[in-house]
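First the structure, in the form of structure tokens, and then the observations on it.
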Amino acid sequence: MSKFDEEDAFEAASLPLSQRAMGAAMGARATPYLDGLNPAQREAVETLDGPVLMLAGAGTGKTKALTARIAHLLTTGRARPNEVLAVTFTNKAAREMKNRVGALLGEAVEGVPWLGTFHSICVKQLRRHAELVGLKSNFTILDTDDQIRLLKQLIVAEGIDDKRWPARMLAGLIDSWKNRAWTPDALPASEAGAYDNKGGKLYAQYQDRLRTLNACDFGDLLLHMVTIFQKHPDVLEQYQRWFRYILVDEYQDTNVAQYMWLRLLAAAHRNICCVGDDDQSIYGWRGAEVGNILRFEKDFEGAKIVKLEQNYRSTEHILGAASGVIAGNKGRLGKTLFTEAKGGEKVRLIGHWDGEEEARWIGDEIESLQSGTRGLTPIGLNDMAILVRASHQMRSFEDRFLTIGLPYRVIGGPRFYERLEIRDAMAYFRLAVSLDDDLAFERIVNTPKRGLADKSVQIIRAAANGNGVSLIEGAKIAIEANALKGKAKSELPKLIASLERWHGLTRGPLRQVFVSEAEAANDVVERFEYGEPDVNHIQLAEMILDESGYTASYFKPEDPNDPDAAPIPITPEAPGRLDNLKELVKALEQFENLQGFLEHIALVMDNDSEDATEKVSIMTLHAAKGLEFPAVFLPGWEDGLFPSQRSMDESGLKGLEEERRLAYVGITRAEELCTISFAGNRRVYGQWQSALPSRFVDELPERHVEILTPPGLYGHQASTVGDMMDALGGSDLHEAAAKANVYNSPGWRRLQERQSSRGMSQPRESKNMVIDAQAVSSFTVGERVFHQKFGYGEIMAVEGDKLDVSFDKAGDKKVVGKFLVSADSAGDVPF
DNA sequence: GCGTCCAATACTGAG
DNA sequence: TATTGGACGC
């Protein structure tokens, strides 16, 4: 938003009431957005004054209610668009809400300018008041990577062994302190002692350092605003008058800092409407306090509580399964979701031998759903999603889908701006905008390589520190003092000259402009502004990437003697990096200048590219919150993976309950078809590990679940591996062995137990196909064996189920017996 | 100062 | 297994 819009907004807040009433009269329009709301939703929409807590279960139309509420505020003239503050957690949610408000209101009313994430709104505010916390309004926002580099410098300077005390750990601590709105001086003694007793000290140093760098991290955005509101009541009052109506999405995910920020803003008028679902609180690990939602009534006395309990999203079975799982949690606010939808498919459950098998099966399943075999209506790829617990699970799906040519998109993978080349390019842009951005300077001073490595940087840094100036000024001093040698001596002046030239091109010539009467009254005598620059920011960006030699550094000339020969990439990923840089430059088109762009990148830019082609979505359960799909796959339901071992170790029962909510979120994303799966074995760090099915599997109510049989074994009689291979019609031993052992995995046995206890039909002849456990796991020293991955080998030693095997090709390994097949029983199958 | 090799480490998760 | 960072050699 431009400066002028902001001024407008301030004026709006101070409009006389009579004029507002006039606006209301003129704005008395039809209210079509109220049609189709159920009584609860309608109540939530129409209760405009005073605190409202909307407890909205999954799929109960909460976004609909929220957007209708905004439309209602505006249409009835209660508020002008700039008097409404609407906060979300993710960019995606903000975008969605913007679109929907726009659609409800048509062209009639401009969207709500103060609709955004906590972070983006805080940046806007902090730019206005930066000086109150010792920053300039053009401060830079550091991402996690910058943050860790900076911390590392401080840690090393303190003489701490950063091996034993990693910077990441400190970053995590500081982040959690900021989430709880603890500034260094307010840090409880119990916390300050963390990190080898130096946590508090380093936190203070870090904040000082950020201030001198004119920078802040994500956590600071909120923390600084809370500090400002607390120390400068006049500023707070301004915003309280300004934001007459506040709406908050996903309230269950607010951390203490966000909660304080909201409470301060709403304290005067109390027109705050929070929407949340305690059952979907899945961000405890980053400081979210479910307590915030539980104590809403206490904080805002007389709050109206509206429960949205009718689910419009999922079938009866899906809802039943989700409710069954979440019922295992204690201390819920207690909502009872219901649906009028009847019938539909049960939640499907299937066990697999390993993660690859699971990926294969899901790939096949997606293809058959897509083509509508099995008499079902075809489902488009856009309507299917795979939701995983941890991002590393995505890999097996990507691999598989690439081999079968199934189009997919990964949502929320490594963010666009976190990529190496984007960060490098951004560092150049940051320097062009502000020459004293030391972090950016350090990043690119020797990128591409120009002979300015550690030693030169140390000299520059010493010169800068010694004179209390920025690195670029320090560099100039170092040059003056002739402190540099070799290549550095010639390259550094060139770099500085380029940077200064680019900086000069970010703006036009300085010229005197007219002083308004208002300014004159405030003793402004004269005023200068920069004119239009000679080159626009897009040309400038291209110029920087080109002249710095950055783009060229990814390529080498095919033929050094022929200048026209096509350059060839130095690494295989170079062309991709170049594409990303092009995309970066293209994104610049939407902005007026580099500065505006830099902010957008840091805070908003994600890589959910709106792509026209149909694709299956792959994402984490966290990223899936707020989304819905007709068909959802939930793989990897294994204890340790989901629920995550780490979560349980760190937070015990609390952690387990959060995992359970995550399961609830996952199941409730599905509209029609929900398929849960687990694998008995999975590669972790390249090592095979076996696991039991998730305890959440056992919590699924049986009447809502259908158990599927793994493929390939229907109706065949087989008693040996060889027979089975014949039965499978394949000569692939790997596959046959894998299939056979499905029936040995604990998960499979548990499935079977469940089936037989309910008197359900078992997969035919499965008993016969179970390879005798003894045959699989008892080996003798000297025996020849075969392993899926390592090939043939000889048993050297046996310790319980762990075997030392000397493989012919792969060398000596320790493996678990169940991964081995006796070489004899493997037969003479050719490989 | 730069490149290469080896060892340690990582895989919860968002802005 | 993939990546990364530090030690080491040129």
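Proteins get letters first, then strands, A, B, ... in listed order; numbering begins at 1 in each.
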Notebook entry, point to check: Within this structure, what is the CD-to-C1' distance between A:Gln645 and B:dT12, rounded to whole angstrom?
Noted result: 12 Å
Note to self: Counting the atoms with a prime plus P, OP1 and OP2 as sugar-phosphate, which does A:Tyr283 contact under 4.0 Å by heavy atoms, base, sugar-phosphate, or nothing?
What the structure shows: sugar-phosphate
Checklist line | 5'-most by nearest nucleotide on DNA chain B - A:Lys487 or A:Glu650 | finding: A:Lys487
Notebook entry, point to check: What is the nucleic acid contact for A:Ser456, judged by heavy atoms within less than 4.0 Å: base, sugar-phosphate only, or nothing?
Noted result: sugar-phosphate
Notebook entry, point to check: Picking from B:dT12, B:dG15, B:dC11, which would you name as closest to the side chain of A:Arg168?
Noted result: B:dC11
Notebook entry, point to check: With respect to the phosphate group of B:dC11, does any side-chain polar atom (N or O) of A:Arg389 fall under 4.0 Å of OP1 or OP2?
Noted result: no
Next item on the list: May I ask you to verify if any side-chain N or O of A:Thr117 is less than 4.0 angstrom from the OP1 or OP2 atom of B:dA14?
Entry: no
Notebook entry, point to check: If each of A:Gly451 and A:Ser647 is mapped to the nucleotide of DNA chain B with the nearest heavy atom, which maps nearer the 5' terminus, i.e. the 5' end?
Noted result: A:Gly451
Notebook entry, point to check: Just one of A:Asn329, A:Ile326, A:Ile282, A:Leu621 clears the side chain to side chain contact (heavy atoms under 4.5 Å, CB included) bar with A:Tyr664, so which one?
Noted result: A:Ile326
Check: Base, sugar-phosphate alone, or nothing: which one does A:Glu250 contact when heavy atoms must sit under 4.0 Å apart?
Finding: nothing
Check: Is any side-chain nitrogen or oxygen of A:Arg646 closer than 4.0 Å to OP1 or OP2 of B:dT12?
Finding: yes
Check: At under 4.0 Å between heavy atoms, what does A:Asp143 touch on the DNA or RNA strands: base, sugar-phosphate, or nothing?
Finding: nothing
Margin query: Just the rounded figure in Å: distance from P of B:dG1 to CD of A:Glu491.
Written below: 13 Å
Notebook entry, point to check: Given B:dG15, B:dG13, B:dA10, which nucleotide is nearest the side-chain atoms of A:His622?
Noted result: B:dG13
Item checked: A:Ala453 side-chain proximity, nearest of B:dG1, B:dA14, B:dT12 -> B:dG1
Margin query: Side chain of A:Arg395, heavy atoms from C-beta onward: which of C:dA2, B:dG13, B:dG1 has the nearest atom to it?
Written below: C:dA2
Check: Which nucleotide in the set C:dA2, B:dG15, B:dT12 lies at the smallest distance from any side-chain heavy atom of A:Ser644?
Finding: B:dT12
Next item on the list: Answer with yes or no whether the side chains of A:Glu158 and A:Trp165 bring together a donor and an acceptor at under 3.5 Å.
Entry: no
Notebook entry, point to check: NA contact type, A:Asp175, heavy-atom cut-off 4.0 Å: base, sugar-phosphate, or nothing?
Noted result: base
Checklist line | Distance in angstrom units between A:Asp217 CG and B:dA14 C1', rounded | finding: 14 Å
Item checked: Residue pair A:Phe642 / A:Leu634, side-chain heavy-atom distance below 4.5 Å -> no
Next item on the list: Have a look at A:Lys152 and say if it touches a base, only the backbone sugar-phosphate, or nothing, with a 4.0 Å heavy-atom cut-off.
Entry: sugar-phosphate
Notebook entry, point to check: Does A:Asn446 place a side-chain N or O at less than 4.0 Å from the phosphate oxygens OP1/OP2 of B:dC2?
Noted result: yes
Notebook entry, point to check: Reckon A:Arg682 touches a base, only the sugar-phosphate, or nothing at all at heavy-atom distances under 4.0 Å?
Noted result: nothing
Check: Starting at CG of A:Leu142 and ending at P of B:dA14, how long is that distance when rounded to a whole Å?
Finding: 20 Å
Check: Can you check the A:Met169 CE to B:dT12 P distance for me, whole Å?
Finding: 15 Å
Item checked: Gap in Å between the two P atoms, one belonging to B:dG13 and one to C:dT4, rounded -> 16 Å
Notebook entry, point to check: To the nearest angstrom, how far is A:His392 atom NE2 from C:dA2 atom P?
Noted result: 14 Å
Note to self: Let me confirm one number: the CG-CZ distance from A:Leu420 to A:Arg443, rounded to the nearest 0.5 Å.
What the structure shows: 6.0 Å
Next item on the list: Test side-chain contact (heavy atoms from CB on, under 4.5 Å) on A:Leu262 and A:Tyr251 and set out the steps.
Entry: CA-CA 10 Å; A:Leu262 284 171; A:Tyr251 186 65; 4.0 Å; yes
Notebook entry, point to check: Do the ring planes of A:Phe591 and A:His600 sit parallel (below 30°), tilted (30 to 60°) or perpendicular (above 60°)?
Noted result: tilted
Margin query: Categorize A:Lys449 for me: base, sugar-phosphate, or nothing, with a 4.0 angstrom heavy-atom threshold over every strand shown.
Written below: sugar-phosphate
Notebook entry, point to check: Just to confirm, is there a sub-4.0 Å distance from OP1 or OP2 of B:dG13 to any side-chain nitrogen or oxygen of A:Arg286?
Noted result: no
Next item on the list: Please state how far atom CG in A:Leu662 lies from atom P in B:dA14, giving the value in whole angstrom units.
Entry: 11 Å
Check: From B:dA14, B:dG15, B:dC11, pick the nucleotide closest to the side chain of A:Phe218?
Finding: B:dG15
Margin query: Just the rounded figure in Å: distance from P of B:dG13 to CD1 of A:Ile282.
Written below: 12 Å
Note to self: Regarding A:Glu638 and A:Gln689, do their side chains bring together a donor and an acceptor under 3.5 Å, going by distance alone?
What the structure shows: no
